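This report refers to the structure that appears directly beneath it.
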Amino acid sequence: MSEPEFNQPAVGKLVVIGLGLIGGSVSAGLRQQKGCRETIGIVRNQETIDVALERGVVDRAYLNLGDVAPELGAGDVIFVAVPTLAIESVLRDIEAHVSAEVTITDGASVKGSVREAAMNVFGEVPVNLVLGHPIAGSEQSGVAAANPSLYQKHRVILTPETSTGEQHLARVTTLWQTLGAEVLTMTVAEHDEVLGATSHLPHAIAYSLVDTLAHDIGNPNIFRYAAGGFRDFTRIASSDPVMWHDIMRANRSAVLHSLDKFVDNLLRLRDGIEREDGEYLLGVFTRAKAARDHFTRMLAGRALQDSAAVAPAKLQVKHSSGLTGRLRVPGDKSISHRAIMLGSLANGTTEITGLLESEDSLATLQAFRDMGVVIEGPTEGRVTVYGVGLRGLKAPHKPLYLGNAGTSARLLSGILAAQNFASTITGDASLSARPMGRVIEPLTAMGAVIESEFGQLPLAYSPAQGFHAIDYQVPMASAQVKSCLLLAGLYAKGVTRVKESQITRDHTERMLGGFGCALEKTADGWLTVHGGSELTACQVDVPGDFSSAAFFMVAASITPGSDILLEHVGVNPSRTGALDILRQMGADIELLNPATAGGEPVADIRVRYAPLTGVVIPTELVSRAIDEFPALFVAAACASGTTELSGAAELRVKESDRLANMAQGLIALGVPVTTRADGLSICGAALSGGEVDSAGDHRVAMALALAGLRASGTVVVNGAECIASSFPGFVAHAKQLGISIEVIDS
Ligand code: S3P
C-alpha cells in the first residue's frame with residue numbers, strides 16, 4: 001500500500017479501537033480522504049491486523065493500546081468501536097495509558113450505557129470524551145466489510161454534555177463531515193429513546209420473527225418458499241448477534257417501552273383480524289402506508305413533501321415569445337383543505353376528486369390521519385375520506401405538523417379548540433412567525449384554552465369546558481378567521497354568529513351547505529351556525545385553483561403573441577378580484593363554458609396578450625384578490641404608467657411580507673417601486689435580468705419567475721423549492737405553455 005498523500009488533516013493521528021464494520025469504515029474512509037495524518041488500528045488478534053493492512057484499512061495496527069498511547073497528544077483522536085458492553089474496559093485502558101489532551105469518541109448504538117461506563121471509569125464524562133453514533137450500520141460485520149464510503153450521506157448523532165470541550169466536539173464533527181456524513185446533536189436520553197424505537201425495536205422483531213419461522217411453525221420447507229416480503233422484512237436478522245445482544249441489554253428500558261407498545265398494537269391487530277373488522281384493518285394499513293411513504297420526509301422534520309422538493313432549487317427564466325396551448329391547473333388549495341376537514345368530520349364516506357396534492361393540502365390530510373381518520377389516496381387527485389362524525393376524532397400521539405399551511409392552522413384551530421382531548425400544532429419557520437392571535441382571541445372568548453407564546457405557533461389546545469357560542473365581527477379581512485369560527489360554531493353550545501368586515505372567500509359557507517349544513521345569513525350580513533349540526537358525507541369535485549391560474553393569466557397578458565386557455569378553473573366571485581384588476585389594466589380575458597362543480601362556479605379562462613396600463617387598484621377589490629398580488633405586481637411592472645395599491649396591509653403577514661419581498665425582487669430587476677405600510681406604487685419599466693429571492697414564499701417565487709418573460713437578461717429565482725406548497729407542477733405547466741424556464745439544483 002502506498003502512503004496516502006498528506007492533505008489538510010481533520011485530526012492528527014486516528015486510533016481506531018476495534019476494526020469491525022463501523023471502526024474499519026471510519027479508518028478506511030479517513031485514510032482515503034486524507035483527513036488525518038495516520039490511521040492506527042488496535043485489535044484483538046493478528047489475523048485482523050493482517051486483513052486490515054492488506055485491505056488498506058489502516059496504516060499500522062497493534063494488539064495493545066499501550067503500544068501506541070505514548071505517541072498520542074493534542075489533536076489526535078481515539079475512536080472506540082467495540083461492542084457496547086465492552087466499552088467500559090476500553091475506557092479503563094484509555095484512562096490508564098492516554099493523555100487527557102487526546103480526543104476520545106465512540107460509535108456505540110446506545111449512549112446511556114457508554115455515559116454510565118465513563119462515569120464508572122472517570123467519575124464524570126471527561127471534557128475530551130464526545131459520545132457519538134453513526135446511523136450507518138448494515139447486516140455485514142468484520143474488518144472485511146470495512147467500506148470507506150459507508151458514512152457518505154448518512155447521519156451521525158453526537159450527544160455532547162454541557163461540559164464537553166468545544167475543540168473536542170469540533171474535531172469529532174469535522175472527522176464525520178470529512179467522511180461525508182451529516183452531524184446532528186441531541187441528548188443521550190433522546191438518542192436512546194429514538195433509536196430504541198426506530199432501530200432496536202425492529203431488530204428485536206426481525207430476530208424474533210425469523211426465530212419463530214425457523215423453530216415454531218413446524219414446516220421444514222418454510223424458507224424455501226419465503227421470498228420478497230420475508231427477505232425485505234428480515235434482512236436485519238443477519239446482523240451481528242453479539243453486538244445486538246449488547247444493544248438490547250444496554251438500552252433495556254427504552255427497548256422494553258417500545259416493545260410493549262408494539263405488542264399491544266399487534267394484539268389489537270390480531271383481534272381485528274379475528275373479528276374480521278375491515279375498517280380497523282384498513283385504518284391501520286392506510287395510516288402505516290402513508291407514514292411509510294412519508295418516511296424520508298418525516299426524518300427531515302418536514303412531514304409531507306417529496307424529497308426532491310426539499311432540495312434547494314433555483315429557477316432560471318428567460319425572455320420567451322408568445323405563450324400558447326391549454327392546460328388544467330391543479331385543484332384549489334382553499335377548497336382542498338376544506339374538503340378534507342369537512343369530509344373527516346362528516347358521517348359517512350366522502351369522495352373527493354381534483355384534490356390539490358401539494359405540501360399544504362397534504363399537511364391537512366396527514367393531520368386528520370394523525371387524529372385517526374382513515375383517508376385513502378390521494379391518487380391522481382382522488383381521495384376517499386371515511387368520516388368519523390363531529391365527535392369522532394382521536395387525540396393525536398404527537399404534535400400535528402402543518403408545514404407552511406396557514407389555512408390549515410387557522411381552520412384546524414376552530415376544530416381542535418373544541419375537542420375533549422389535548423393537542424398541539426406546529427409548522428415551519430414561516431408559519432411559526434404568522435399571527436395566530438386573530439383566532440386565539442375569539443376562540444378563547446368561546447371558552448377555549450389555548451397556550452401560545454407571542455400569539456404564534458406552536459399552539460397547544462387543552463380540552464375546553466363549556467365551549468359556547470359567541471357573536472363575532474371579524475376585524476380584519478380574513479376568510480381563515482371567519483371559517484375557523486364557523487367550524488368552532490359546529491361544536492359550541494348555542495348559535496354562533498359571525499360577520500365579516502369585507503367580502504372574503506366563501507368556500508366554507510358553500511361547502512358546509514354541500515355537507516347538509518346550510519348556514520343562514522341575515523340581511524345585515526351575520527352568518528349563523530347552530531352548535532351540534534351534523535355533517536353528511538358527499539362528493540366534492542375540486543375545481544382548478546384560480547390563484548394558480550392567475551400566474552398564467554399574467555404571463556399571457558404580458559407576453560406579446562400569447563393566446564392560452566386555462567380549463568375548469570374556479571371563478572367564485574369572492575376570489576376573482578384579480579380578473580377585474582387585470583381587465584381594468586387592459587387585459588384581454590374571457591370566461592368560457594361557465595358551469596358549477598361542487599357548489600362552486602367554474603369556467604375556462606382564455607387569455608390573450610394585450611398591452612397593460614397602470615391603475616389605482618380599488619380598495620374594495622383587495623380582499624377578493626389577496627393571493628394574486630405578487631402576480632399582479634409583475635403585471636404592473638410590465639404595464640405603462642404607475643399602479644397604486646393601498647388597503648393591503650394583510651400582505652405583510654402572508655407566507656412572507658409580500659409587499660417588502662416583491663418590492664425587493666422587482667427593484668433588483670430595475671423596476672421603480674416604493675412601499676408604504678399598507679401598499680405600494682409600481683412604475684412600469686424595462687426589466688433587466690438578475691438574481692432574486694423567494695423569501696421562502698411560493699407565490700413570490702412564481703411571480704418573480706414570470707418577470708423573466710419580459711426581462712432583457714435571465715432571471716434567477718433562489719429558494720424556489722417552496723413552490724411545492726401550492727403548485728407542485730408549476731414548472732412543467734409553464735414549459736407546456738412555452739415559457740423558457742429551468743430548475744437548477746443549488
Ligand atoms: C385562505 C384565506 C386567505 C388567503 C389564503 C387562503 C383560505 O387568508 O390569503 O391563501 O383558504 O381561507 P386570510 O384569511 O389570512 O386572508
Side-chain angles (χ1 to χ4, degrees), residues 330-342 355-356 358-361 363-364 402-415 427 430-431 433-442 455-457 472 474-488 498 500-512 527 540 542-543 545-551 570 572 574-578 598 600 619 621-632 647-659 662 678 697-700 702-703 722-723 725-727:
D332 187 282
K333 182 150 76 77
S334 293
I335 299 177
S336 296
H337 282 301
R338 288 160 171 83
I340 297 161
M341 291 183 188
L342 298 195
L355 187 100
L356 172 67
S358 77
E359 285 180 19
D360 276 18
S361 41
T364 297
L402 302 177
N404 194 242
T407 304
S408 195
R410 267 83 176 246
L411 272 61
L412 254 181
S413 291
I415 299 169
S430 151
L431 186 59
R434 295 183 67 184
M436 294 295 152
R438 53 182 65 195
V439 292
I440 297 175
E441 189 229 312
Q456 290 170 331
L457 260 53
Y472 192 70
V474 184
M476 69 291 294
S478 173
Q480 293 176 353
V481 175
K482 171 180 65 174
S483 304
C484 163
L485 295 173
L486 293 176
L487 294 174
V498 184
E500 53 185 353
S501 51
Q502 291 168 53
I503 297 175
T504 65
R505 63 195 69 198
D506 61 0
H507 305 303
T508 307
E509 297 91 302
R510 286 174 187 256
M511 200 180 287
L512 279 170
L527 288 161
V540 184
V542 182
D545 197 324
F546 183 84
S547 300
S548 299
F551 290 106
N572 179 323
S574 64
R575 290 283 296 280
T576 51
E600 294 275 344
T619 39
L621 288 183
V622 170
S623 62
R624 293 176 44 226
I626 195 70
D627 288 345
E628 288 65 68
F629 281 109
L632 289 171
E650 276 293 304
L651 288 178
R652 294 212 180 263
V653 290
K654 293 293 175 190
E655 284 82 329
S656 75
D657 179 342
R658 288 182 174 161
L659 292 176
M662 283 303 297
D678 71 337
D697 184 328
H698 54 129
R699 298 203 197 279
V700 171
M702 289 184 275
C722 55
I723 290 173
S725 66
S726 71
F727 197 163

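Whatever order the structure lists ligands and atoms in, that order sets their numbers, starting from 1. Small disclaimer: the values here were computed from a predicted structure and weren't measured. Worth knowing before you read on, the calculation uses all heavy atoms, side chains too, and leaves out hydrogens, waters and symmetry mates.
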Residue set satisfying side-chain hydrogen bond (donor to acceptor under 3.5 Å, both in side chains) with Ser548, at least two apart, ordered chain then number -> none
If we count only N and O atoms by modelled type, under 3.5 Å, do the side chains of Ser361 and Ser336 hold a donor and an acceptor together? no
Donor-acceptor pair between Asn572 and Ser574 side chains, under 3.5 angstrom: yes
So, are Glu655 and Arg434 salt-bridged, with charged N and O less than 4.0 Å apart? yes
Output yes when Asp697 and Lys654 qualify as a salt bridge under the 4.0 Å nitrogen-oxygen rule, no when they do not. no
Donor-acceptor contact below 3.5 Å, side chain Asp332 vs main chain Ile335: yes
I'd like the residue list for ligand 1, meaning every protein residue with a non-hydrogen atom under 4.0 Å from the ligand. Ser334, Arg338, Thr407, Arg410, Ala477, Ser478, Ala479, Gln480, Arg505, Ile626, Asp627, Lys654
